[in-house]
Amino acid sequence: MIKLQLKDGSIKEAAAGVTAYEIAKGLSGKLAKAAVAASFNGRVIGLHQPLTGDGALEIHDFDCAVGRDVYRHSSSHLMAQAVQRLWPGTQLAIGPAIDKGFYYDVDSEHVFSPEDFLAIEAEMQNIIKEDLPIVRSELPRAEAIAFFKERGEQYKVELIEDLPEDAVISLYAQGEFIDLCAGPHVASTGQLKAVKLMSVAGAYWRGDERRKMLQRLYATSFPKQAMLDEYINKLEEAKRRDHRVLGRELGLFAIVDEGPGFPIFMPKGMVLRNQLESFWREEHRQAGYQEIRTPIILNRELWEQSGHWDHYKDNMYFTTIDEGDYAIKPMNCPGGMLVYKQNLHSYKELPLRMGELGLVHRHEMSGVLHGLMRVRAFTQDDAHIFMLPEQIIDEIKGVINLVDRFYSLFGFPYHVELSTKPEKAMGSDEDWEMATSTLIQALDEKGISYVINEGDGAFYGPKIDFHLQDSLDRTWQCGTIQLDFQMPEKFDLSYIGEDGEKHRPVMIHRVIYGSIERFIGILTEHFAGAFPAWLAPVQARLLPITDRQHEYARQLYERLNAAGIRAETDLRSEKIGYKIREGQLQKIPYLLVIGDKEIESGAVSVRHRKEGDLGPQPVEAFIAMLQTEVKERALR
């Protein structure tokens, strides 16, 4: 008998050779039906792999990331089999699962186009109906090379030749289709259900532009057609909410050929941006931060001292001043160090919290630029906290509270990930272990669940990342908290301790918006351009029905403006229905219709962007209502 510890901590005894599927079936028929794969002692395995020893067992379905990856990687084999059936002679390269789907790189004389997608999908459904068992086998390296050479699969041969001489090669077969793969996979093709091809693109073999250009078929899959339909609907909604389109239509920002990756903010975009920055300043002042501003250009020696020159120079811009080498800052951190060094500090001053809305520049390749989401110049809402070692936990928890305050205000749920030491990192293992365990302790004390990202920390320290979720269920990594023992050492930062001696402070780097530009892009798509009133560039538009109401509209505009309301008037000689539709397209929160009756009663007829006609209201009552809505930063 073997002992298996399940996810809930319970122990289940079973005969040696039992499979994860049999365990799942014994627990629940529903669980067994939904199961896709399992993890045994941390290693992902197929459901029908025999278990021969004690260990921790976890069953995965499509709802978890591990299960989705296995499901979609199995789907990539399904697509490859369909392609080879329809176009014999097609050679296969690689076909991994990716976020939201999967792809397969293929080498074929046939040039694929969207017109081929329906035929491929139909053949994939035929293979699903055949319910072919997916069977794993193993070969010695030399035999595997010979096997794929005989089949003419040169890309598979190259992949195997890169493996060690003593490697045992695993293959997966479903019917006539056999592929090189580490696995695992679902039990049979019948377990796969709803599939859809999404696009086709070119991709160099192994990402090397000197190698052959292959065709990359992108697709996705779900265990239910309803889930696929929902996903497609969200993609269509995402197109409708594209911040690049809305940014142009609403007059927020522009990306021009004269400055690719360097966005221009229009007057209405600046209103939105200024509101976000004002809120940032207000919240940080209340949280005990002092605002600073540091130079955009600093000399090369500083970047060498900080470590950015060795770890980040490929993403930096450079210039020469007075025959010296200078760099345009890609990050604000070294400037924060210089601010700290301008004065002697006592332990009584710490923690010292310094915030900066700092403009940074990074050299991004033109192919990855995307509206405001990926730019070459952006403003980070940076802050650096210098503290005593015994203050670390409280300061991290304070930042977590501030992040929660921001994201909750905008209606963003979020999850947390903890990133650990990367391959290229500064500092000793002991420092990294101390920093990582401190972050874990802070998260545990806050009762926050988190996922660990091994090796994804900054080069100077581990970090906590906050991934917010928008109205289309997409996630965006924005906020981060990075604990740093290295920079204070490199810059010889110190404070005078209670003992009168010099000591080294500990440092936190953190952002909340991440990038003001990117956050505006996210907000634009999250709200579909219909920003809450406190953020809206125009909060109310006055719509006189005829020329007779123009003077009254002007007077009301002055009253609204004096009350701090961002208003405008539409005095065009257009029908009122046209003016209303135009105001709705501009996503203006309140449209105020003015006719003869409104003039007589000293009122306005109020239309809300989402709630429709609210009826006539006294002007002062409307002003008070909107002022309250703005003051409370409501999401109405």
Side-chain angles (χ1 to χ4, degrees), residues 2-52 55-79 81-82 95 97-102 121-136 172-175 177 179 181-196 219-234 473:
I2 60 174
K3 294 181 179 180
L4 303 173
Q5 182 178 358
L6 304 182
K7 187 178 181 181
D8 63 2
S10 63
I11 302 295
K12 187 172 184 63
E13 291 191 352
V18 70
T19 66
Y21 177 78
E22 290 169 334
I23 296 295
K25 192 173 182 181
L27 294 172
S28 160
K30 183 178 180 182
L31 175 62
K33 185 177 180 180
V36 172
S39 289
F40 186 61
N41 290 332
R43 186 171 66 90
V44 183
I45 62 171
L47 288 173
H48 294 279
Q49 179 175 328
L51 306 176
T52 56
L57 177 68
E58 184 175 354
I59 310 296
H60 302 296
D61 60 16
F62 188 83
D63 289 336
C64 75
V66 173
R68 280 193 299 276
D69 281 352
V70 171
Y71 189 93
R72 285 173 169 159
H73 185 49
S74 300
S75 301
S76 76
H77 281 218
L78 177 71
M79 181 172 69
Q81 183 177 14
I98 56 174
D99 185 39
K100 307 299 183 185
F102 57 91
E121 289 168 7
E123 189 57 38
M124 290 172 76
Q125 288 297 335
N126 288 337
I127 299 169
I128 290 172
K129 290 176 183 176
E130 292 173 22
D131 194 17
L132 302 172
I134 301 176
V135 181
R136 176 188 172 97
Y172 281 82
Q174 51 198 55
F177 179 79
D179 202 359
C181 188
H185 287 277
V186 299
S188 73
T189 60
Q191 196 170 348
L192 306 172
K193 301 298 180 185
V195 296
K196 185 171 181 61
T220 192
S221 60
F222 292 87
K224 295 179 182 178
Q225 184 64 40
M227 296 171 72
L228 175 60
D229 292 341
E230 181 184 5
Y231 174 71
I232 299 302
N233 289 337
K234 284 182 177 178
D473 296 331

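Contact detail for A20 and I59: the closest heavy-atom pair is O-CD1, 3.7 Å. Nearest heavy atoms, H48 versus T19: O-CG2, 3.6 Å. Contact between Q125 and A194 at its shortest, heavy atoms only, is NE2-CA, 4.5 Å. What you find for V44 and A37 is that their closest heavy atoms are CG1-CB, 4.4 Å.
Contact of the M124 side chain with the M79 side chain is registered, since non-hydrogen atoms from C-beta on lie closer than 4.5 Å. For the pair L4/F40, a side-chain contact is recorded, criterion being any heavy-atom separation below 4.5 Å from C-beta on. Looking at F62 and K224, their side chains never come closer than 4.5 Å, going by heavy atoms from C-beta outward. At a threshold of 4.5 Å between non-hydrogen side-chain atoms, the residues F222 and E230 do not count as touching. Between K193 and Y71, the closest side-chain pair of non-hydrogen atoms falls below 4.5 Å. Side chains of T220 and L228 form a contact here, defined as non-hydrogen atoms less than 4.5 Å apart.
If you take CG on D473 and OH on Y231, they are separated by 12.0 Å, rounding to the nearest 0.5 Å. The CZ atom of R68 sits 11.5 Å away from atom NE2 of H60, with the distance rounded to the nearest 0.5 Å. For the atom pair Q49 CD and L51 CG, the distance stands at 7.0 Å (nearest 0.5 Å). To the nearest 0.5 Å, the span separating CG on L27 from OG on S10 amounts to 7.5 Å. Rounding to the nearest 0.5 angstrom, the gap separating the CD1 atom in I45 from the OG atom in S39 is 7.5 Å. In this structure, CD on Q81 lies 4.5 Å from CD on Q174, to the nearest 0.5 angstrom.
Taking a 6.0 Å sphere around NZ of K234, one finds it holds more than 12 heavy atoms contributed by other residues, nucleotides or ligands.
Under a 3.5 Å cut-off, the side chain of S74 and the backbone N or O of V186 do form a donor-acceptor pair. With hydrogens and angles disregarded, no donor-acceptor distance shorter than 3.5 Å links the side chain of E22 to the backbone of L47. One N or O on the side chain of R72 and one on the backbone of S221 form a donor-acceptor pair closer than 3.5 Å. A donor-acceptor pair under 3.5 Å is absent between the side-chain atoms of R136 and the main chain of Y172, judged by distance alone. Between the D61 side chain and the A35 main chain, no donor and acceptor come within less than 3.5 Å of each other.
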Please tabulate, for side-chain N and O atoms in residues 127-135, each donor-acceptor pair with protein atoms closer than 3.5 Å (sequence neighbours left out).
residue : atom : partner : partner atom : Å
E130    : OE1  : R85     : NH2          : 3.0
E130    : OE2  : R85     : NH1          : 2.9
D131    : OD1  : S188    : OG           : 2.5
D131    : OD1  : G190    : N            : 3.1

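Ring planes of H73 and H185: parallel class, angle under 30° (limits at 30 and 60°).
Within the structure, salt bridge (charged side-chain N to carboxylate O under 4.0 Å, His left out) pairs that include any residue of residues 6-20 comprise K7-E58 (at least two apart or interchain).
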